[in-house]
Undergrad: 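Dropping a structure here in structure tokens format, bear with me for questions.
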Amino acid sequence: MTDNRIKQIVIVGGGTAGWMTAAALSKILGPDYAKIQLIESDSIGTVGVGEATIPQIATFNRMLGIPEDEFIKHTNASFKLGIEFVNWKKLDHSYFHPFGHYGVDMEGLSFHAYWQRLYQEGLVEDPSEFSLMAMAAKNNKFMRPFNAGKNSPLNEIAYAFHFDSTAYAKMLRQHAENRGVIRTEGKVVDVQQRSNDGFIESVQLESGEKITGELFIDCSGFRGLLIQQTLKAGFEDWSDLLLCNSAVVAPCEGVSEISSFTRTTAHKAGWQWRIPLQHRIGNGHVYCSDYTSDDEATATLLDHLDGEPLAEPRILRFTTGHSKKFWDKNCIAIGLSSGFMEPLESTSIWLIQSGISRLLTNFPDKTFAQADANRYNRVLIEEFELIRDFLILHYHANERTDSEFWIRCREMTVPDRLQEKLEVFHNNGRTFREHDELFNDTSWFAVMNGQCAKPRTYDPVADLLSLEETKDRLQKIRIAIANSADYMPKHRDFINKNCDARTLKL
Ligand SMILES: Cc1cc2nc3c(=O)[nH]c(=O)nc-3n(C[C@H](O)[C@H](O)[C@H](O)COP(=O)(O)OP(=O)(O)OC[C@H]3O[C@@H](n4cnc5c(N)ncnc54)[C@H](O)[C@@H]3O)c2cc1C
């Protein structure tokens, strides 16, 4: 049989995407499968943001064999139990989108349905009381899950991290290089394509060196050096649906208590993130430049910092959307080169992870079967679209009357699938997860309940239990969660005891 195995993989770009890809491929494929070469340019640098994650990142680190406490110490990380949304629905209003689930499903029906029933009766107000992650975050508590006995909420603590992404890329570089990945410093200035079909043959560096490959992975960031500039895959522009196109970022000094959640605060024409790390707080103001100037956005950011800024504010521009093809010919785009939807729900690093794992499950040989590429593209496009709809929900479901930006978001026409989800929720409070979409019914419930008006009624199946029985069961859950949250140590104390970055031995 002809040996069609790919033996030369070239990754262009060494940001979070490039090094995550290099570390994962070298771990899964092993040292003898193919030569993996990564090119990056110190003079270009990386985007230098991306500090909040979702729980799946822990699976990625485990797959690489990185002990969690080592990862935390190396990246000055803290733990994240969810996101607090301030001023999104209206001014002086807030709600929490926790990781994990609320309460427990009963009689085959989701907990949300029973909660909605009591909500309709005016017997409950805030679903956070039924989420251990939300209750712990409220008091800056944290611990990892442990076997605390049957039915204890402490068995299921869901968490992610806030971390220094530059330090993370550095750590992954070490792992990748230890497994044989070759790093080349240099700026790609030209790309050579095969004359008959346009496949990429090699990239040329400023030094004149040519690096040949069979599979090229474009991790060059917003430039999309290979996927856009060379292959001209085209871009699906979502600026009309996700209006923000700029961000101004500046870290500031930390405070003694480290919150165990991300805070996002809506402003006049966008929103500001607050991401606490062990040694500082990451901050950024994401905004739509049609409704505020860079100077005004910067002033708003600086007005809302907890401590002194540690760097000059830096402005970044982006266009929301994705490459029309994620995989084109012998090139696969991963990271910002494949698209960007804004950082509101910390989905970009997850999309890198997803791109890598789908590349591995559809890994090509030298024939580059078009069916593999088509499938990869279809699955990734659907993944992007479902996340996009969830993000639009945050902007669209608002009652704010104080700014043109928020009024436009509310009045915009949203994609049909989101419109249908909204109509279902408005009617009976039901929420759904489509296929294997990233955000499950709990996440949809958290945000819809946090931002939408009260549904017309509740799921009729919730009448399975009598009102008294429902009240009684929810009261027991509320108490179990409150007791569990009380039991948890302060986040700072947990870090100091287990994974204080200051104890790192280099
Ligand atoms: C404002 C903002 C906030 C964000 N916040 C979050 C968040 O909280 N959570 C999250 O999950 N994600 C977040 N993201 C996204 C996250 O930052 C990115 O997904 C992540 O950093 C990956 O970036 P990247 O590696 O694709 O690109 P980059 O970091 O830009 O890396 C590109 C690499 O390509 C190299 N390169 C480019 N051109 C050339 C060339 N010609 N020759 C050689 N090398 C070249 C560069 O040197 C660099 O190494 C945020 C993004 C933005 C813009």
Side-chain angles (χ1 to χ4, degrees), residues 10-22 37-57 60 80 83 160-170 172-173 183-191 203-207 209 211 216-230 244-250 262 264 270-275 277 282-287 297 301 313-320 323 333-356 387 438:
V10 177
I11 300 170
V12 175
T16 313
W19 284 114
M20 280 177 78
T21 307
Q37 192 160 1
L38 183 147
I39 305 161
E40 68 177 324
S41 160
D42 281 344
S43 68
I44 294 176
T46 65
V47 71
V49 280
E51 301 189 319
T53 57
I54 55 176
Q56 288 82 342
I57 185 87
F60 186 80
K80 171 182 171 187
I83 308 178
F161 311 97
H162 303 121
F163 71 140
D164 176 340
S165 55
T166 307
Y168 186 52
K170 211 166 130 191
L172 293 180
R173 172 179 164 184
R183 174 190 182 269
T184 302
E185 166 61 35
K187 188 171 168 185
V188 173
V189 289
D190 200 10
V191 181
V203 291
Q204 188 172 339
L205 306 186
E206 212 166 29
S207 63
E209 184 186 354
I211 295 177
F216 285 82
I217 305 185
D218 186 348
C219 295
S220 64
F222 284 131
R223 312 175 165 70
L225 193 69
L226 306 181
I227 198 78
Q228 295 302 339
Q229 292 184 24
T230 306
C244 290
N245 55 15
S246 307
V248 52
V249 300
T262 306
T264 74
W271 60 277
Q272 177 163 342
W273 76 73
R274 178 188 184 278
I275 297 180
L277 274 66
N283 308 281
H285 179 187
V286 176
Y287 56 97
L301 172 78
R314 193 162 58 92
I315 291 182
L316 299 160
R317 305 275 180 224
F318 54 84
T319 308
T320 50
S323 178
I334 293 184
L336 295 174
S337 61
S338 71
F340 183 57
M341 283 181 283
E342 83 141 76
L344 185 55
E345 285 280 356
S346 322
T347 44
S348 287
I349 293 172
W350 153 250
L351 283 165
I352 295 172
Q353 205 179 324
S354 170
I356 295 168
I387 292 174
L438 176 59

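Note that ligands are numbered from 1 as they come in the structure, with each ligand's atoms numbered from 1 the same way. Just so it is clear, the values below take in all heavy atoms, side chains as well, and ignore hydrogens, waters and symmetry mates.
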Undergrad: Who's closest to atom 46 (C) of ligand 1 heavy-atom-wise, of Gly282, Gly15, Gly45, Ser246?
TA: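 It is Gly45 that holds the nearest heavy atom.
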Undergrad: Please determine whether any non-hydrogen atom of Trp350 lies less than 4.0 Å from an atom of ligand 1.
TA: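 No, Trp350 has no heavy atom closer than 4.0 Å to ligand 1.
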Undergrad: Going by the closest heavy atom to atom 22 (C) of ligand 1, which one wins out of Val47, Ile352, Ile334?
TA: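 Of the listed residues, Ile352 has the closest heavy atom.
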Undergrad: Using heavy atoms and a threshold below 4.0 Å, how should the contact between Leu225 and ligand 1 be classified: side chain, backbone, both, or neither?
TA: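 Near ligand 1, Leu225 shows its side chain, while the N, CA, C and O stay back.
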Undergrad: Identify the protein heavy atom lying closest to atom 27 (O) of ligand 1, giving its residue, its atom name and the separation to 0.1 Å.
TA: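 Its nearest protein heavy-atom neighbour is Gly221 CA, 3.5 Å.
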Undergrad: Taking the minimum heavy-atom distance to atom 24 (P) of ligand 1, which of Ala17, Cys244, Gly50, Ala160 ranks first?
TA: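 Ranked by closest heavy atom to atom 24 (P) of ligand 1, first place is Ala17.
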Undergrad: May I ask you to check if ligand 1 and Val49 share an N or O to N or O distance below 3.5 Å?
TA: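 It does: an N or O of Val49 is found under 3.5 Å from an N or O of ligand 1.
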Undergrad: Side chain, backbone, both or neither: which applies to Ala247 and ligand 1 if a contact is any heavy-atom pair less than 4.0 Å apart?
TA: side chain
Undergrad: Short list, please: which atoms of ligand 1 are under 4.0 Å from a heavy atom of Ile349?
TA: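 Checking each atom against Ile349, I get 10 (C), 11 (O), 12 (N).
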Undergrad: For ligand 1, which part of Cys219 has a heavy atom less than 4.0 Å away: the side chain, the backbone, both, or neither?
TA: backbone
Undergrad: For ligand 1, is Phe340 a contact, meaning one of its heavy atoms is under 4.0 Å away?
TA: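 Flag set, Phe340 near ligand 1.
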Undergrad: At under 4.0 Å between heavy atoms, which part of Glu342 makes contact with ligand 1: side chain, backbone, both or neither?
TA: neither
